[in-house]
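All remarks here apply to the structure that follows.
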Amino acid sequence: MKSNLVITHTVSRQHNSLFRYYHTNAAAKAYFTEKLQTCKNLISATTTHSNVLKSGLSNDTFTTNGLINCYVRFLRINHAHKLFDEMPQPNVVSWTSLMAGYVNCGRPVTALWLFHQMQGTLVLPNEFTFSTLINACSILASIDMGRRIHGLVEVMGFGSNLVVCSSLIDMYGKCNHVDEARIVFDSMYVRNVVSWTSMITTYAQNAQGHCALQLFREFTQLRLEKPNHFMLCSVISACASLGSLGSGKVTHGIVIRLWHDTNDVVATALVDMYAKCGCVHYSDKVFRRIPNPSVIPYTSMIVGAAKYGLGTLSLQLFQEMIDRRIKPNDVTFVGVLHACSHSGLIDKGLELFNSMNGKYGVMPDTKHYTCIADMLGRVGRVEEAYQLAKSVHVERDGYSMLWGTLLAASRLHGRVDIALEASRQLIESNQQVAGAYVTLSNAYALAGDWENAHQLRSEMKRTGIHKEPGSSWIEIKDSTYVFHAGDVSKCSQANEILSLLKELGHRMKERGYVGGTAGLVFVDVEEEAKEEIVSLHSEKFALAFGLINMPGGVTIRIMKNLRMCRDCHESFKLISDIVGRDFVVRDVNRFHHFKNGSCTCGDFW
DNA sequence: CTAGGGTTAG
């Protein structure tokens, strides 16, 4: 009886102290968790860290996870990893936090390696782990690893998790496997604005703008959720890639109605879209509404102006951002070099190129060499461009751009020798092979060497190398007119176009355009009799047709080798006259709705 | 602790 009481007493005391122990620790844990989640800088993080050590909670998994996440937030991945290594019992949260930390630090391979380590433990991954890993694959564009992890996802029963599926769609999209992304999307029972965005983005980034817009339409028709700024960015980007001003304006209307027009990223997408749709004036309007544009909006505007032939504007913007102490990046330099190249500012371009690294701390790479090669080649300094291309070290994926540029320049200026060398470089590295054959053949033909020109074409046929014909398109009202390079005859408006091109050619000559004098030769092996020589100026406009977009709803984009961009407006008037159509885009009614009927197309600012 | 957006070039 007595002993029983004693035991009860002891148990109760133990229980009591256990409770108190647990209670104080729970309070401490809660305190540290709160502190770590809200700490604003590294100093307060390290202070809390030392307090954790003093409190004796350093072996506590939950508290240490908080510390790891805190260090990860301040990109101190080494601190986080050290803490992780000292943990007696890391759980799935510890592992996942560290992996996510590595992904955020730009080291996705280490994240995948950690997962490999984790598989040697008893800790099982959860949906958070898989999302993080799929994100790592997405950054690496590693389809093999992505598929393997997708397999694990299915095996472990996370195949219907909304977040995991969204990451999978994104991963397949970034790996350019649009069909697999769509399979995941279609397999989902529940979707949200994020999963829809992932699928729309996949289409937009894989040159399937129409599918992106179609899916966006479906999403809006469901009326479940409002599109957010992420989705709208992708949609605008799809419009840009299609050169679809009408859809772009409609989307801009949605942006305004949903109050997303103050988002800088959306504004940047709009700047790009209007520039690609030929309305650089609108780009400028949107750009000037961004309060403190960062390097990306600036670059977007610089590139937009450059494409439009407004080289001086590009350079002004560049100077402006330098004055505002915004550091240009590699893309910015592509933009300004492009601008110089397309506005004949060769000396300025070379000067900028030479001062890139020293003055602005941007290391020139293949993109910039290609710009310079293009700049030199364009004005006939093909030999210099060739020497440059030979002398620089180029990583494999930039190879085709550099030598492709050189090939085009040497063909344009009749340097068959360099064209031959450039083609050899492309063919040997197994890049742009078909294009190289065609251009080289054209170079021979241009030089009057029909024998070699035809021989190459025959060889292509024999070896089964097929070149997809280049195409471009123009949107007029609700119709899209597609043009294939060198194949004006198949177009229903062939006569209109040819007379237009002739007219434009005259105009260019009148304005003192000095280009090569040789004509373009289309060698058609199947119908050799159909060889056709069109004047060089006309060729350029033929290629330009559909590749530059004009103000007023006409979508014509100008090719990079056209230096008469100032004539765009002139050309536009001409097209109006000749084609005799109304070019006003009609599909902007929603703007009227938004602005109480006072807004007309193009002045919704 | 986890997902989703924009800029070059061809």
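Note on naming: letters A, B, ... go to the chains in the order of the sequence lines (proteins, then strands), and numbering restarts at 1 for each one. Just so you know, these numbers come straight off a predicted model, no measurement behind them. Hydrogens, waters and symmetry mates play no part in the numbers below; they use all other heavy atoms, side chains included.
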Sorted by chain and residue number, the salt bridge (charged side-chain N to carboxylate O under 4.0 Å, His left out) partners of A:Lys82 (sequence neighbours excluded) come out as A:Glu86
Across all chains, not counting sequence neighbours, the salt bridge (charged side-chain N to carboxylate O under 4.0 Å, His left out) partners of A:Asp85 are none
>> OP1 or OP2 of B:dC1 versus the side-chain N and O atoms of A:Asn65: is any pair under 4.0 Å?
In response: no
Ranking B:dG6, B:dA9, B:dA3 by distance to the side chain of A:Thr201, first place goes to B:dG6
query: In this structure, are over 12 heavy atoms from other groups packed under 6.0 Å from A:Arg424 atom CZ?
result: yes
### Query
Between A:Phe318 and A:Phe333, does the ring centroid distance fall short of 6.0 Å?
yes
note: A:Leu402, atom CG; B:dT8, atom C1'; distance rounded to Å ~ 15 Å
A:Tyr203 atom OH is separated from B:dG5 atom P, nearest whole Å, by 16 Å
| query | Is the distance between the ring centroids of A:Phe185 and A:Trp196 under 6.0 Å? | reply | yes
In whole angstroms, the gap separating C1' of B:dA9 from CZ of A:Phe333 amounts to 17 Å
| query | By centroid distance (under 5.5 Å) and plane angle (under 30°), are A:Phe230 and B:dG4 in a stacked arrangement? | reply | yes
| said: Please tell me if A:Lys367 has a side-chain N or O lying less than 4.0 Å from either OP1 or OP2 of B:dG10. | reply: no
In whole angstroms, the gap separating P of B:dG5 from CD1 of A:Ile169 amounts to 12 Å
Note to self: Would you say the rings of A:His79 and A:Phe74 are close, in the sense that their centroids are separated by under 6.0 Å?
What the structure shows: no
Side-chain atoms of A:Val194 come closest, of B:dT8, B:dC1, B:dG4, to B:dG4
Review point. Would you say a side-chain N or O of A:Lys174 is under 4.0 Å from OP1 or OP2 of B:dG5?
Key: yes
Exercise for the section: Could you tell me whether the side chain of A:Asp264 has a donor or acceptor atom within less than 3.5 Å of a complementary atom in the base of B:dG6? Expected result: no
From OH of A:Tyr102 across to P of B:dT2 the rounded distance in Å is 17 Å
Of the listed B:dG6, B:dA3, B:dT7, the closest approach to the A:Ser131 side chain comes from B:dA3
Which of B:dT2, B:dG5, B:dG6 is nearest the side chain of A:Asn263? It is B:dG5
- prompt: According to a strict under-4.0 Å criterion, is A:Asn91 in side-chain N/O contact with OP1 or OP2 of B:dC1?
  reply: no
Checking B:dA9, B:dG6, B:dG4 against the side chain of A:Met401 (C-beta onward), the nearest is B:dA9
Regarding the side chain of A:Val334, the nearest nucleotide among B:dA9, B:dG6, B:dA3 is B:dA9
Between CG of A:Asn104 and C1' of B:dG4 the distance, given in whole Å, is 14 Å
Rounded to whole Å, CD1 of A:Ile302 lies from P of B:dA9 at a distance of 13 Å
Atom CE of A:Met321 and atom C1' of B:dT7 are separated, to the nearest Å, by 11 Å
Quiz item: What is the nucleic acid contact for A:Asn135, judged by heavy atoms within less than 4.0 Å: base, sugar-phosphate only, or nothing?
Solution: sugar-phosphate
*Answer yes or no for this row: A:Phe128 ring on B:dT2 base, centroids under 5.5 Å, planes under 30°.*
no
Out of B:dT8, B:dC1, B:dT2, minimum distance to the side chain of A:Val303 belongs to B:dT8
